[in-house]
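A quick write-up on the structure given underneath.
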Amino acid sequence: MKSEFGLIDQIKTLFAAVPANECEGIGDDCAVIPINKEESIVITQDMLVERVHFLRHATSAYELGGKSLAVNLSDVAAMGAQPFASLLSIAVPEELMGEWIEEFMRGYRDLSARHGVALIGGDTTASKCDFTINITAMGRCRNEAIKRRSDARVGDIIAVTAPLGGSGAGLNDILNGELATANAAVHRNPTPRVEEGLFIATQCEGVRAMMDISDGVASDLRHILRASGVGAEIELTQVPIAEGATLRQALCSGEDYELLMTIDSEELKKISKTFEAHFKKNLYPIGRIVDGEGIVWLNEGVVYEGDFRGFTHY
Ligand code: ADP
Ligand code: MG
């Protein structure tokens, strides 16, 4: 069967000869639409489908409203942009019309208000079965500050913005019927790293490639490597693991929505210090960019023969 990313590659190839109209398209967290020499709009779309992305009995409507927007704002943050607007389309089963969908909208509204993001349109339809959400989010960015997946260079240090795997551990709890654990709450309430993304783009010269972690470092880092034409070494003992999670969840389970970046090694010290002074939390170096392709996993410097794979839909 074709993989999710195989299909996306095929779509990209199919459209190769259709004009791009100065837009930078398929392949990054957001598309980039230049406004002028100074500024661009970045734009992303993420869909959440019941029973694929969430179980309705395992989340509140309010949490789901917030999470739906959060995963989109995370992609805007990953470009180093300031989100300013969203469009929301919902296919709503009849039994959810009323208090449930109003609670969903309150969750969506509160996260919109927190980040100053206007809701400027969308679509509302009935659904014969599941609840489906499709969101477009837009941000604004100075051209020189845009963070792409394709800018990693050999010698860069790879870093993440927080311990990973909490969301994956939480999903595990939810699937085991334990809905009230701390990590289950983390899974249902991701925080898009909007302030961090903007700060990195504007205050941390030397951060080169960036993306958000939606499918796990083991999957997402490979996108940076492929886009940049480089390889990576990851030191397993350096990977920060969230409380209650395993190393495998930290690398493979996804939905942490933290930022993954590569940093000019000469700027690492300065950037770590600036970031820590501002956010009162660490940046975590986990490896480095090398010549070649793919990821080499190291355990205390010795090649680890096992493999780690992130989440894919097929
Ligand atoms: P992310 O996890 O950051 O949201 P995805 O892995 O969903 O990114 O998508 C990777 C890239 O492929 C993005 O640039 C996205 O816009 C693009 N993409 C995904 N599905 C499609 C599609 N059906 N048609 C066109 N582009 C797509
Ligand atoms: Mg992304």
Side-chain angles (χ1 to χ4, degrees), residues 1-34 40-49 52-54 67-81 83 86-89 132-139 141 146-152 158 160-162 164 167-168 171 190-194 196-198 200-201 207 209-228 251-262 309-314:
M1 189 202 285
K2 193 179 288 300
S3 71
E4 174 189 353
F5 296 111
L7 175 58
I8 294 172
D9 283 346
Q10 196 182 16
I11 293 172
K12 192 172 170 172
T13 307
L14 186 67
F15 279 74
V18 178
N21 301 330
E22 290 169 44
C23 300
E24 244 174 70
I26 302 175
D28 218 310
D29 294 289
C30 291
V32 179
I33 307 175
S40 292
I41 300 280
V42 301
I43 183 161
T44 182
Q45 186 168 74
D46 257 315
M47 180 153 63
L48 283 88
V49 176
V52 176
H53 296 94
F54 62 91
K67 180 167 180 173
S68 305
L69 180 61
V71 304
N72 280 274
L73 296 188
S74 179
D75 276 324
V76 174
M79 303 299 288
S86 78
L87 293 142
L88 167 67
S89 295
T132 301
I133 309 141
N134 193 27
I135 291 166
T136 301
M138 280 162 267
C141 195
I146 298 173
K147 295 293 169 221
R148 297 178 172 83
R149 296 177 180 183
S150 52
D151 286 334
I158 301 162
V160 295
T161 44
L164 305 173
S167 180
L171 175 60
T191 304
R193 298 300 176 193
V194 173
E196 288 86 341
L198 263 177
I200 285 164
V207 173
M210 186 155 76
M211 69 181 296
D212 69 328
I213 305 173
S214 52
D215 296 333
V217 167
S219 168
D220 293 325
L221 178 59
R222 290 180 216 272
H223 295 306
I224 288 183
L225 302 183
R226 224 170 291 128
S228 302
L251 291 172
C252 306
S253 57
E255 293 217 79
D256 283 310
Y257 297 107
E258 294 296 335
L259 297 172
L260 169 67
M261 71 200 84
T262 82
R309 291 273 153 191
F311 174 82
T312 55
H313 275 281
Y314 303 100

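Note that this is a predicted model, so its numbers are computed, not measured. Both ligands and their constituent atoms are indexed starting at 1 by order of listing.
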Can you sort out which atoms of ligand 1 are near [X], meaning under 4.0 Å from one of its heavy atoms?
{"X": "Asp75", "value": "1 (P), 3 (O), 4 (O)"}
{"X": "Phe5", "value": "6 (O)"}
{"X": "Asp29", "value": "3 (O)"}
{"X": "Asp28", "value": "13 (C), 14 (O)"}

Answer yes if a protein heavy atom lies under 4.0 Å from [atom], otherwise answer no.
{"atom": "atom 5 (P) of ligand 1", "value": "no"}
{"atom": "atom 12 (O) of ligand 1", "value": "yes"}
{"atom": "atom 16 (O) of ligand 1", "value": "no"}

Can you tell if the side chain of [X] reaches within under 4.5 Å of the side chain of [Y], non-hydrogen atoms only?
{"X": "Glu24", "Y": "Arg148", "answer": "yes"}
{"X": "Asp29", "Y": "Thr44", "answer": "no"}
{"X": "Leu251", "Y": "Val217", "answer": "yes"}
{"X": "Asn72", "Y": "Ser86", "answer": "no"}
{"X": "Val76", "Y": "Val194", "answer": "no"}
{"X": "Ser3", "Y": "Thr312", "answer": "no"}
{"X": "Arg149", "Y": "Asp220", "answer": "no"}

Between [X] and ligand 1, is there a nitrogen or oxygen pair with a distance under 3.5 Å?
{"X": "Asp215", "answer": "no"}
{"X": "Gly27", "answer": "yes"}
{"X": "Arg149", "answer": "yes"}

Expected output: side-chain [X] to main-chain [Y] donor-acceptor under 3.5 Å:
{"X": "Ser74", "Y": "Ala70", "value": "no"}
{"X": "Thr161", "Y": "Leu259", "value": "yes"}
{"X": "Lys147", "Y": "Val207", "value": "yes"}

Which residue and non-hydrogen atom of the protein lie closest to [atom], and at what distance in Å?
{"atom": "atom 22 (C) of ligand 1", "result": "Ile11 CD1, 4.0 Å"}
{"atom": "atom 25 (C) of ligand 1", "result": "Ile26 CD1, 3.6 Å"}
{"atom": "atom 21 (C) of ligand 1", "result": "Ile8 CG1, 4.4 Å"}
{"atom": "atom 2 (O) of ligand 1", "result": "Ser214 OG, 3.3 Å"}

Exercise: identify the closest heavy-atom pair between [X] and [Y]:
{"X": "Ala77", "Y": "Met210", "result": "O-CE, 3.7 Å"}
{"X": "Ala152", "Y": "Ile224", "result": "CB-CG2, 3.8 Å"}
{"X": "Leu198", "Y": "Gly80", "result": "CD2-O, 3.8 Å"}
{"X": "Phe311", "Y": "Ser253", "result": "CB-O, 4.4 Å"}

*Determine whether the side chain, the backbone, both or neither of Asp46 has a heavy atom under 4.0 Å from any heavy atom of ligand 1.*
side chain
*May I ask whether Phe15 has any heavy atom positioned less than 4.0 angstrom from an atom of ligand 1?*
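No, that is not the case, since the closest heavy atom of the residue is not under 4.0 Å from the ligand.
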*Within less than 2.8 Å of the Mg ion (ligand 2), how many protein N/O/S atoms are there?*
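The number of such protein atoms is 3.
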